[in-house]
2 protein chains.
Amino acid sequence: MRKYEFISNEIRKRIQEKYYSADQPIPDELSLAKEFSCSRMTMKRALDILVSEGMLYRKRGHGTFIVKSSIQNIPVSVTDKENLGLTKLLVGKQIESNIIQFDVEFPTDQVARQLSIEKRVPVYHIIRLRKVEDEPYVIEETYMPSNLISELTEDVLHDSIYRHITETLNLKIAGSHRKIRADKSSDLDQRYLECADDDPVLEVEQIAFLNTGEPFEYSFARHRYDKFEFSSVHIRK
Amino acid sequence: MRKYEFISNEIRKRIQEKYYSADQPIPDELSLAKEFSCSRMTMKRALDILVSEGMLYRKRGHGTFIVKSSIQNIPVSVTDKENLGLTKLLVGKQIESNIIQFDVEFPTDQVARQLSIEKRVPVYHIIRLRKVEDEPYVIEETYMPSNLISELTEDVLHDSIYRHITETLNLKIAGSHRKIRADKSSDLDQRYLECADDDPVLEVEQIAFLNTGEPFEYSFARHRYDKFEFSSVHIRK
DNA sequence: TAGTGGTCTAGACCACGTA
DNA sequence: ACGTGGTCTAGACCACTAA
């Protein structure tokens, strides 16, 4: 366990358990560094994590304070904690994946460009309906280059593509770029998400990268507008 | 100018100008530190910024590499760079604000809770239509505690609330929590955004904080679905 | 084994806010 | 003047990767 992570977790626990008064600054960095037997840089790094989570804020020349609203708000962010698929996001819930389409094809210009591949490299083209607790939740249309993501089978699609990538293929996911927009529901949306003609959907377009810098996924996730919202925390530097 | 910011900007420029080959790692941290006459920690911090922007990625034991797709994709993110209002986001464009409503009232339970204030503290309740280049762009409904944000006038609302807060009141904005969702357009949306009955809207709910930790804004921004999307970059730690 | 990035130290000085 | 956080240094050792 890294020292700064251990300390960060400890301080987070203390805040949640109201060990520190929310009306006063928490102890200064040097005192905390002494308490945890670390350098001030390491202490600062531990606190940085909590600042980036929106749990603490600093005032130069004054001290480090608890963001009061952070104590009750538990689920700070979908965005910043995970870009793992549904499977990890909703642990404990019963998740089911219906395969609507599963093809291999040559990419369109747009798909080839987003995945940074040549047009002659085949891509998987997958459309899945994900259900949570038997309720339709999201339709995911996914493109993945076949040379990068191998051994994709229907079994994998029913389980979790992310698990296949990280555990079976042993690849490492580095991050993703996302765009979020509203759209009118298409016939496909209405059929599978069981939504009304005039129900909108929330679409998340995503390009995900391996730690090699290679894009391995270009996807469109279309969510029922009444069952999903996207959360993010923004801290100014 | 902070040293790590200067270095970070310099490396970013080099990447954009293809000074470094995208097929090879950029020079190692120690060499770069020597070139910029700084410590390795400072060099690492400069590179951290570019990693968090999705421009570089690292492989331990191997080197630091350029994310190829980052070179052409210029506007990486609305999310991570700014939570300043429209005024700063769309510099150079002609922006107009029409005031639809401007009241002071006692907050509802929900508004009081989100702003962490007592129900007896009056709040400004503002609804504005923001136009960009004469086209309707977004309807913003905003609640601000009157004890925190003072001297709010129609002149300010026509200009920029953020400028008033940072420049006139000299307060510092620390960050915000946001939720993004799709919704059906309301009568108000249709009237002012000039959208059709069945056009959806993209709603961004935001609580913004000062560096004192106090929430100063609780707002709902409703965007035309065909004119706005929300971008974010996610890097796994 | 050599070279890379990841963590950590024990200091230093600076910038800012309060008294 | 003092105490706070912000930046920066010049090292050290560790973890991982490739040759």
Side-chain angles (χ1 to χ4, degrees), chain A residues 1-11 20-21 23-52 55-67 170-172 174-175 210-213 235-237, chain B residues 1-11 20-21 23-52 55-67 166 169-175 210-214 235-237:
Chain A
M1 169 77 84
R2 301 175 191 95
K3 204 164 190 170
Y4 66 86
E5 275 187 352
F6 170 83
I7 296 171
S8 177
N9 290 338
E10 174 62 23
I11 304 277
Y20 296 123
S21 160
D23 300 321
Q24 292 183 334
I26 67 171
D28 66 277
E29 296 179 345
L30 213 49
S31 308
L32 285 171
K34 273 178 195 148
E35 183 196 335
F36 286 101
S37 303
C38 68
S39 70
R40 195 180 145 217
M41 285 293 271
T42 300
M43 196 63 229
K44 188 182 288 297
R45 190 167 180 183
L47 296 179
D48 277 344
I49 293 173
L50 301 177
V51 169
S52 78
M55 193 159 236
L56 292 177
Y57 62 94
R58 297 186 174 107
K59 282 202 287 187
R60 187 194 286 212
H62 201 165
T64 301
F65 300 80
I66 296 169
V67 174
N170 215 18
L171 301 172
K172 278 171 195 159
L210 297 176
N211 67 340
T212 59
I235 308 291
R236 289 181 77 169
K237 304 290 156 62
Chain B
M1 169 74 85
R2 302 177 193 94
K3 204 165 191 172
Y4 67 87
E5 274 186 353
F6 171 83
I7 296 171
S8 175
N9 290 339
E10 174 63 24
I11 303 278
Y20 296 123
S21 161
D23 300 321
Q24 291 183 334
I26 67 171
D28 66 277
E29 296 179 345
L30 212 49
S31 309
L32 285 170
K34 273 178 195 148
E35 183 196 336
F36 286 101
S37 304
C38 68
S39 69
R40 194 180 145 218
M41 284 293 270
T42 299
M43 197 61 229
K44 186 181 288 296
R45 190 167 181 182
L47 296 179
D48 277 344
I49 293 173
L50 301 177
V51 169
S52 79
M55 193 159 236
L56 292 177
Y57 61 95
R58 298 186 174 108
K59 282 202 286 187
R60 186 194 288 212
H62 199 165
T64 301
F65 301 80
I66 297 168
V67 174
T166 56
L169 300 179
N170 215 20
L171 300 173
K172 281 173 192 157
I173 298 169
L210 299 175
N211 67 341
T212 58
E214 295 163 295
I235 308 291
R236 287 179 79 167
K237 304 293 156 59

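Letters go in sequence order (proteins before strands), and every chain restarts at 1.
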Chemist: Please state how far atom CD1 in I26(B) lies from atom C1' in dT4(C), giving the value in whole angstrom units.
Modeler: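 It works out to 12 Å between those atoms.
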Chemist: Could you report the tightest heavy-atom contact between Y57(B) and I66(B), atom names first, then the distance?
Modeler: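 Here Y57(B) and I66(B) meet closest at CE2-O, 3.7 Å.
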Chemist: How long is the line joining NZ of K59(A) and P of dT18(C), in whole Å?
Modeler: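 Rounded to whole Å, this separation is 7 Å.
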Chemist: Among the nucleotides dC8(D), dA15(D), dT9(C), which one has an atom lying closest to any side-chain atom of K3(A)?
Modeler: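 Out of dC8(D), dA15(D), dT9(C), the nucleotide with an atom closest to K3(A)'s side chain is dT9(C).
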Chemist: Is R45(B) touching bases, backbone alone, or none of the nucleic acid, heavy atoms closer than 4.0 Å?
Modeler: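 Sugar-phosphate contact only.
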Chemist: Check step by step if salt bridge (Lys or Arg N to Asp or Glu O under 4.0 Å) holds for R40(B) and D28(B).
Modeler: CA-CA 10 Å; R40(B) 194 180 145 218; D28(B) 66 277; over 6 Å; no
Chemist: Starting the side chain at C-beta, find the nucleotide from dG6(D), dC8(D), dA18(D) nearest to H62(B).
Modeler: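 Closest nucleotide to the H62(B) side chain: dA18(D).
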Chemist: Keeping the roles fixed (side chain from K3(A), backbone from S37(A)), state whether a donor-acceptor pair exists under 3.5 Å.
Modeler: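 Flag set: sc K3(A) to bb S37(A) pair under 3.5 Å.
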Chemist: For dG5(C), take OP1 and OP2 only and decide whether either is under 4.0 Å from a side-chain N or O of T64(B).
Modeler: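 Answer is yes, contact under 4.0 Å.
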Chemist: Looking at the side chain of R60(A), which of dG6(C), dC8(C), dA15(C) is the nearest nucleotide?
Modeler: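 Closest nucleotide to the R60(A) side chain: dA15(C).
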Chemist: Closest approach to the side chain of M41(A), judged atom by atom: which nucleotide of dC8(D), dG6(D), dC8(C) is it?
Modeler: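 Ranking dC8(D), dG6(D), dC8(C) by closest atom to the M41(A) side chain puts dC8(D) first.
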Chemist: Rounded to the nearest 0.5 Å, how far apart are SG of C38(A) and NZ of K44(A)?
Modeler: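 The NZ atom of K44(A) is 11.5 Å from SG of C38(A), to the nearest 0.5 Å.
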Chemist: Over how many whole Å does the gap from D28(B) atom CG to dG3(C) atom P extend?
Modeler: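 Distance, rounded to whole Å: 10 Å.
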Chemist: Taking for each residue the nucleotide of DNA chain C bearing the nearest heavy atom, is the 5' side occupied by G61(A) or by P27(B)?
Modeler: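 Residue closer to the 5' terminus by nearest nucleotide: P27(B).
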Chemist: Counting only side-chain heavy atoms from C-beta out, which of dC8(D), dA10(D), dG5(C) sits nearest to R40(B)?
Modeler: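 For R40(B), the side-chain atoms sit closest to dG5(C).
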Chemist: Tell me the interatomic distance from K44(A), atom NZ, to dT7(C), atom C1', rounded to whole angstroms.
Modeler: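 Answer to the nearest Å: 17 Å.
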Chemist: From the set dC8(C), dG6(C), dT9(D), return the single nucleotide nearest to any side-chain atom of T42(A).
Modeler: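 The closest nucleotide is dC8(C).
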Chemist: What is the distance from CZ of F6(A) to C1' of dG6(C), rounded to the nearest Å?
Modeler: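 One finds 20 Å between C1' of dG6(C) and CZ of F6(A), rounded.
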Chemist: When the distance from CZ of R2(B) to P of dG5(D) is rounded to whole Å, what number comes out?
Modeler: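 Distance, rounded to whole Å: 17 Å.
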Chemist: Do any side-chain nitrogens or oxygens of Y4(B) fall under 4.0 Å of OP1 or OP2 in dT7(D)?
Modeler: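 Checking Y4(B) against dT7(D): at least one side-chain N or O falls below 4.0 Å of OP1 or OP2.
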Chemist: dT7(C) C1' sits how many Å from D48(B) CG, rounded?
Modeler: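 Rounding to the nearest Å, CG of D48(B) and C1' of dT7(C) are 12 Å apart.
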Chemist: Roughly how many Å is it from CG in L47(B) to P in dC8(D), rounded to a whole number?
Modeler: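 So the CG-P distance, L47(B) to dC8(D), works out to 14 Å.
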Chemist: Of the candidate nucleotides dC13(D), dG17(C), dG5(D), which contains the atom at the shortest distance from the side chain of K172(B)?
Modeler: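 Ranking dC13(D), dG17(C), dG5(D) by closest atom to the K172(B) side chain puts dG17(C) first.
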Chemist: How close do I49(A) and Y4(A) get, heavy atom to heavy atom, and via which atoms?
Modeler: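 Taking every non-hydrogen atom into account, CD1-CD1, 3.7 Å.
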Chemist: Checking all strands, does S31(A) fall into the base, sugar-phosphate, or nothing category for heavy-atom contacts under 4.0 angstrom?
Modeler: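 The residue S31(A) makes no contact with any strand.
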